[in-house]
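Single-structure report; data block below.
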Amino acid sequence: MDALPSVLMVFTGGTISMTIAPGRGAVPARSGREILLAVPRIGEYARVVGEDFDRLPGPHWSAERMLALARHLDVRLADPELAGAVVTHGTDTMEETAYLLDLVLATDKPVVLTGAMKTADDPIWDGPGNLIASVRAVVALRGRGCGVTVMMGETLHAARQVVKSHTESLAAFSSSHGGPLGELEADGLHLFTSPAARERIGTTAIEPRVDLVAACAGADARFLRHAVATGARGIVIEALGRGNVPPAMLVGVREACGAGVPVVVASRCGHGRTAPRYGYEGGGVTLLDAGAIFAGDLPAPKARIKLMVLLGSGATPDEIRRSFERPGW
């Protein structure tokens with residue numbers, strides 16, 4: 001009988017590590033070792049090598065910490081004995097960390113992010129099931145080139161497509177544009193589709209000063225001007241529809257682009273691509289004329305992550321535009 005594969009399990013915090021503190025609500029409490037003690041059957045699928053990297057709630061993550069996690073994973077997964085890694089993470093920002101890792105990791109080994117929607121003292125704590133499912137996914141994905149994925153509720157999502165689409169449900173995660181990669185069943189992982197090829201951006205640094213500004217009815221240029229005035233190196237606009245803004249925002253886009261600050265236009269819609277279709281004042285055509293870049297189907301938080309990575313890598317304005325406008329991205 002073949003020896004069980006070894007899987008690295010990196011604990012970073014999130015609801016999976018939390019319990020309810022009287023009078024305070026859910027707070028980080030359990031170490032990786034304590035979590036693993038609650039999942040004894042995980043050893044049936046792999047030899048788990050557990051380690052604590054952090055104990056952060058999802059909203060406490062920064063892009064710099066995400067990059068540090070990427071560097072840590074690349075170092076650890078250089079070990080030929082490790083088949084891949086499972087990373088526990090807070091669900092609020094899991095999709096952003098997963099996408100950053102997918103962009104910058106050098107390793108081709110599978111990295112699966114997971115977590116929990118219920119705390120460790122909840123009678124329906126979903127953490128153990130998600131950990132077992134993630135380990136099984138790492139083992140099944142060896143050599144498949146699937147990049148970074150998210151496993152929640154026995155459903156596997158690609159990092160680029162995954163979104164948290166419900167605040168509390170056990171089925172809180174979904175995938176845009178084609179749906180999930182696959183599902184875990186009793187007899188193994190069943191993939192529905194092959195993931196798109198990863199876009200890799202080699203960098204040892206990241207630019208954290210990228211602001212996200214939301215468009216809404218009646219919005220003006222104040223927040224765009226404030227971003228530029230306070231040192232933003234890039235701006236992502238969560239625009240309306242196909243990639244449009246109120247007329248009073250357009251002047252702010254022109255000023256930011258004129259100051260050399262790249263402006264990327266994403267959409268607040270859950271599906272579809274941004275593109276310069278409308279020619280009225282504030283429409284996508286006028287944004288393009290002002291110098292803005294269109295994010296395609298990337299949601300605004302992920303467009304911000306990508307712009308941070310590109311700026312940190314030293315990409316030129318033309319390289320930034322080509323990366324966002326590359327077909328399929």
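Residues take their numbers from the sequence shown, with the count starting at 1. Please read these numbers as outputs of a predicted model, since none were measured by experiment.
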Looking at CG of D289 and CG of L250, how far apart are the two atoms once the value is rounded to the nearest 0.5 Å? 9.0 Å
Going by atom types alone, do H89 and T97 pair a side-chain donor with an acceptor below 3.5 Å? yes
Spacing of D122 atom CG and T19 atom OG1 [to the nearest 0.5 Å]: 11.5 Å
If you define the side chain from C-beta out and look only at heavy atoms, does anything of T114 sit under 4.5 Å from V86? yes
Quick check against the 3.5 Å criterion: does S169 have a side-chain atom that pairs as donor or acceptor with the backbone of H166? no
Could you give the distance from CE (M94) to OG1 (T15), rounded to the nearest 0.5 Å? 9.0 Å
Going by atom types only, do E238 and S267 share a side-chain donor-acceptor pair under 3.5 Å? no
Evaluate V210 against I235 for side chain to side chain contact (heavy atoms under 4.5 Å, CB included), listing each step before the verdict. CA-CA 5 Å; V210 175; I235 298 171; over 6 Å; no
Please report the shortest heavy-atom distance between L311 and P262, naming the atom on each side. CD2-CG, 4.3 Å
Looking at every non-hydrogen atom in both residues, tell me the closest pair between V7 and A46 and how far apart they are. CG2-CB, 3.7 Å
Donor-acceptor under 3.5 Å (E207 side chain, R209 main chain): yes
Sidechain-backbone polar pair: T88 side chain, G115 backbone, donor-acceptor under 3.5 Å: no
Minimal non-hydrogen separation, I305 against M66, with atom names: CD1-SD, 4.0 Å
Using modelled atom types only, decide if a donor and an acceptor are shared between the side chain of E64 and the backbone of P208 within a distance under 3.5 Å. no
Between I293 and V265, is there a side-chain heavy-atom distance shorter than 4.5 Å? no
With a 3.5 Å distance limit and no angle check, can you tell me whether T93 reaches the backbone of G58 through a side-chain donor-acceptor pair? yes
Under the side chain to side chain contact (heavy atoms under 4.5 Å, CB included) rule, what do L287 and F294 come out as? Steps first, then yes or no, please. CA-CA 9 Å; L287 294 176; F294 286 78; 4.2 Å; yes
For the residue pair P276 and V285, what are the closest heavy atoms and their distance? O-CG2, 3.5 Å
Does NZ or CZ of R30 lie under 6.0 Å from the centre of the six-membered ring of W125, at an angle within 45° of the ring axis? yes
In terms of hydrophobic clusters joined by side-chain contacts under 4.5 Å, are L191 and V162 together? no
Checking the side chain of K302 only, and the main-chain atoms of L100 only, is there a donor and an acceptor separated by less than 3.5 Å? no
Verify the cluster assignment for I35 and V48: are they in a single hydrophobic cluster under the rule of side-chain heavy atoms below 4.5 Å apart? yes
With the side chain counted from C-beta on, respond yes when V87 and F11 share a heavy-atom pair under 4.5 Å apart, and no when they do not. no
Where is the tightest heavy-atom contact between T203 and R71, given as atom of each residue plus distance? O-NH1, 3.2 Å
Under the ring pair (Phe, Tyr, Trp, His ring centres under 6.0 Å) test, residues paired with F192 that sit two or more places apart: none
Under a 4.5 Å cut-off applied to non-hydrogen side-chain atoms, are H190 and L184 in contact? no
Does R321 come within less than 4.0 Å of D318, counting only side-chain N to carboxylate O? no
Judged by atom type as modelled, is there a donor-acceptor pair below 3.5 Å linking the side chain of S323 to the main-chain atoms of I320? no
Looking at D52 and D54, would you say the former's side chain and the latter's main chain have a donor-acceptor pair under 3.5 Å? no
Distance col, row L240:CG vs M249:CE, nearest 0.5 angstrom, shows 8.5 Å
Interatomic spacing from NE2 in H271 to NE2 in H177 - rounded to 0.5 Å: 7.0 Å
The single option from V139, V138, L82 that satisfies side-chain contact (heavy atoms from CB on, under 4.5 Å) with P5 is V139
Is L105 linked to V150 within one hydrophobic cluster, defined over Ile, Leu, Val, Met, Phe, Trp and Tyr using a side-chain heavy-atom separation of less than 4.5 Å? yes
Strictly by side-chain hydrogen bond (donor to acceptor under 3.5 Å, both in side chains), give each pair with a member in residues 224-233 just once, sequence neighbours left out. R225-E255
Compare all side-chain heavy atoms of L310 with those of E319 and state whether any distance is below 4.5 angstrom. no
Side chains of D121 and T119: do they bring a donor and an acceptor to under 3.5 Å? yes
Just wondering, do M152 and N130 contact through their side chains at under 4.5 Å, heavy atoms? yes
Please answer whether the main-chain N or O of A172 pairs with a side-chain N or O of S165 as donor and acceptor at a distance below 3.5 Å. yes
For R198 and D102, indicate whether the former's side chain and the latter's backbone hold a donor-acceptor pair under 3.5 Å. yes
Pair D126 + K118, salt bridge at N-O below 4.0 Å: no
Honestly curious: do V236 and L224 fall in one hydrophobic cluster under the side-chain, below-4.5 Å linking rule? no
Derivation of the side chain to side chain contact (heavy atoms under 4.5 Å, CB included) call for L67 and M308: CA-CA 11 Å; L67 187 62; M308 286 176 164; over 6 Å; no
Do the non-hydrogen side-chain atoms of L73 and T107 ever get within less than 4.5 Å of each other? no
Does the pair E183 and E154 meet the rule for a side chain to side chain contact (heavy atoms under 4.5 Å, CB included), with working shown? CA-CA 6 Å; E183 290 181 350; E154 298 188 330; 5.9 Å; no
Hey, does the Lys NZ or Arg CZ of K306 hover above the aromatic six-ring of Y99, less than 6.0 Å from the centre and inside 45° of the axis? no
Does L156 belong to the same Ile/Leu/Val/Met/Phe/Trp/Tyr cluster as L131, with side-chain heavy atoms less than 4.5 Å apart forming each link? yes
Y45 meets the ring pair (Phe, Tyr, Trp, His ring centres under 6.0 Å) criterion, sequence neighbours left out, with none
Over 60° means perpendicular and under 30° means parallel, so tell me whether H72 and F53 are parallel, tilted or perpendicular. tilted
Between R65 and H60, is there a side-chain heavy-atom distance shorter than 4.5 Å? no
How far does OH of Y280 sit from CG of N244, to the nearest 0.5 angstrom? 3.5 Å
For the pair H157 and F173, name the ring-plane relationship: parallel under 30°, tilted 30 to 60°, perpendicular over 60°. tilted
Closest non-hydrogen contact found for E199 with L103 is O-CD2, 3.4 Å
